[in-house]
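Residues: numbered from 1 along the sequence shown. In listed order, ligands and their atoms are each counted from 1.
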Amino acid sequence: MSRIITLLLFLLTSLGLRAEDGYRLWLRYDRLAGAPAVTTVVLATPGGADSPTLTAARQELQSGLGGLTGATPTITLQKTGGEIAAAGAEGYALRTAADGAVHISANSDTGVLYGAFALLRHLQTGRSLEKLDLTSAPRISRRILNHWDNLNGFIERGYAGFSLWQWFYLPGIRDPRYRDYARACASLGLNGAVLTNVNANALVLTPTYLAKVAALADEFRPYGIRVYLTARFSAPLEIGGLKTADPLDPAVAAWWKAKVDEIYRHVPDFGGFVVKANSEGQPGPQDYGRTHADGANMLADALAPHRGIVMWRAFVYAAENTVDRVKQAYNEFTPLDGKFRPNVVVQIKNGPLDFMPREPFSPLFGAMPKTPLAPELQLTQEYLGMSTQLAFLAPMWKEVLDADTWARREPVESAAGRGSTVARVADGSLRHQPLSVIAGVANTGTDRNWTGHPLAQANWYAFGRLAWDHTLSSEAIADEWTRMTFGHDAKLVQTITSLLLGSRETVVNYSMPLGLHHIMAEGHHYGPGPWATHQRADWSSIYYHQADAAGLGAARSAGGSNAIAQYAPELAALWGDPEKCPENLLLWFHHVAWDHPMKSGRPLWDELCLRYQQGVDEVRAMQRAWVSLAGQIDEPRFTEVQARLQRQADDAVIWRDACLLYFQTFSQRPLPAGVEPPAHDLDYYKAIKLRYAPGHPSDY
Ligand code: GCW
């Protein structure tokens, strides 16, 4: 047996397929056939002086160019002649000089570091250096990963192991992985990390932990990454000895001011706070009859002298509120527009509900013109199969970022609203707002390959690239990532990119097609649970699908909850009419009769069944596509993806059968031709209890 393995390893090695464990992510610097020689690289900054960031850039270029081209380049430092136009504070210019030297110039050391990674990416993706002349600058200034990591190492909704932050061993013992994390982030231009869960623990603000936070900040600083923390609103009570956390109480404001000053003594470039307040049991200003603005402004005033910011989350809804849950954030936040300090950003999940496989964009993006708004995206696939299933999320994020809010420009232009995309709201260009933020809930953990599913690395990559430049296409991002992570063979690139690009829609099809949402199993959120009822109506699936004998879907147009009215009139007119509403959002906005004719000519019920079947068929096609790459991918990654796709196929069948059998109790219609009959009855699926699923604090 072992002889066979040795032989196999020998064969693979001789084919150039070294065993991969995924640790290197997309920063693989193996020799690339045909890579152009780069003998000299000139790094140019205004000061021309060395720094830890330039050292990091040099080290990366030495190992990267050395590995890719087989020759270590000479790297020199220089002063720039003047400001590099269009590079801004963090951008870079890449240029090949007549003598063949590559110049990386920037207005800051971090810009040079980003330029170094861009040069490496250029080579890794097989592009030529001839006449290279490009300038690139980020469109959004704070590009931040949000880690929902607890101090005990558990990651809420984390499916790739435990927290990367080894709190017990810090500050003295520093895992080399911190540096590799920082390299990966910097390679994409990510410049911030919120270290702690939004369900916050005040302990991280105590001196013992601040020393640990400072150690992580020191590790990340050369890579241009600032640390941020989550602020537990009741911290003055829990660690400050105060009797209240009322934001309008001067003693509370003074406590936070002193605490913030203390943080900056530990971390001089601390980024600021993220706050989840009065949401899902978290404390907040409303506990004292104050508003979100009162709470945010109090913290913002403490941070302002240090140029820190507050990212105040708009993910709020309350059990006792009987208004449609998807309307609640808008109702609470729009009256506060214009009432926040300039260093407050309101951080909004992409959709009005909660990271479902498909939601319309949150109407808040079009409704708070005086406030900087940050999209919060979720890399960790809480509702899209965790790290077990493949779902490449760039297409989902692009769908939101490119969506036109139709928010009026000021002054109103002729084509009022046209072009007021979520991306332009986020990057501040629509209203010339200086502060811009984008946040992504990280999918990283201690798994050797960082993200559990080897292909989920692509979501980290895509988030970083879109945070830098939201105009990049999903196709371009998938192509880059595949070449850097797997190689350049045309069939391989074609196969993997199409797998990636179709995968999110496939998950939609077999789990929540046609605008269905929130019908997953309770607690861990993995797998179907359309029957789920909870003592909280807004945590029950039936609250969202509203299935009955007449039809299916949430009634949110004028005759229903009228959530549609939170959108611009142009959108409300489109989405509010079941005849015009895009079918992929139909059941989000409308309760539709089972026999409602769909665009295909089929009644809703048949269409629904066939979508679920299509999702299953697509996963099977993904499996076949992957298997067709046998021999072209190193064995560890090949086998791991293959196994996960098999699990995904099995789980897709469960989604289809469970949902169709359940909805059939209302529709009373037979499965149309082309849909495989379920292997079990409904009770079987209802009885499935997944125990100890990862990422969820309690059993299930
Ligand atoms: O969807 C919910 C998740 C919670 C999460 C919350 C939030 C961090 O199930 O685990 O808490 O969203 O975004 O605050």
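Residue-ligand proximity: N197 is placed with a non-hydrogen atom under 4.0 Å from ligand 1. Using a 4.0 angstrom heavy-atom cutoff, H696 does not count as in contact with ligand 1. By the 4.0 Å heavy-atom criterion, W539 is excluded from the residues contacting ligand 1.
A salt bridge links E399 with R504: at least one charged nitrogen is closer than 4.0 Å to a carboxylate oxygen.
Looking at heavy atoms from C-beta onward, L210 lies in side-chain contact with L229 at the 4.5 angstrom threshold.
Proximity of the aromatic rings of Y662 and Y685 is defined here by a centroid distance below 6.0 angstrom, and this criterion is not met.
Counting only non-hydrogen atoms, the option in E280, E382, E156, H518 that gets closest to atom 9 (O) of ligand 1 is E382. Comparing V316, D354, V441 against atom 1 (O) of ligand 1, the shortest heavy-atom distance belongs to D354. Among R157, M356, K349, the residue whose heavy atom sits closest to atom 12 (O) of ligand 1 is K349.
Relative to the six-membered ring of W588, R556 meets both conditions, a distance below 6.0 Å and an angle of at most 45° to the axis. Stacking of R177 on the aromatic ring of W450 is recorded, both the 6.0 Å distance cut-off and the 45° axial limit being met. Y510 does not carry R656 over the face of its six-membered ring by the limits of under 6.0 Å from the centre and within 45° of the normal.
For ligand 1, the atoms sitting less than 4.0 Å from at least one non-hydrogen atom of V198 are 8 (C), 14 (O), numbered in the order shown with element in parentheses. Near H525, meaning under 4.0 Å from any of its heavy atoms, are these atoms of ligand 1: 9 (O). Numbered from 1 in the order shown, with element, the atoms of ligand 1 that lie under 4.0 Å from a heavy atom of Y383 read 1 (O), 9 (O). Numbered from 1 in the order shown, with element, the atoms of ligand 1 that lie under 4.0 Å from a heavy atom of F315 read 6 (C), 7 (C), 12 (O), 13 (O), 14 (O).
Counting heavy-atom neighbours within 6.0 Å of Y288 OH, excluding the residue itself, gives a total above 12.
Neither the backbone nor the side chain of F355 comes within contact range of ligand 1; no heavy atom lies under 4.0 Å.
Ring pair H696/H525 is tilted by interplanar angle, where 30° to 60° counts as tilted.
From the protein, the heavy atom lying nearest to atom 14 (O) of ligand 1 is K276 NZ, 2.6 Å.
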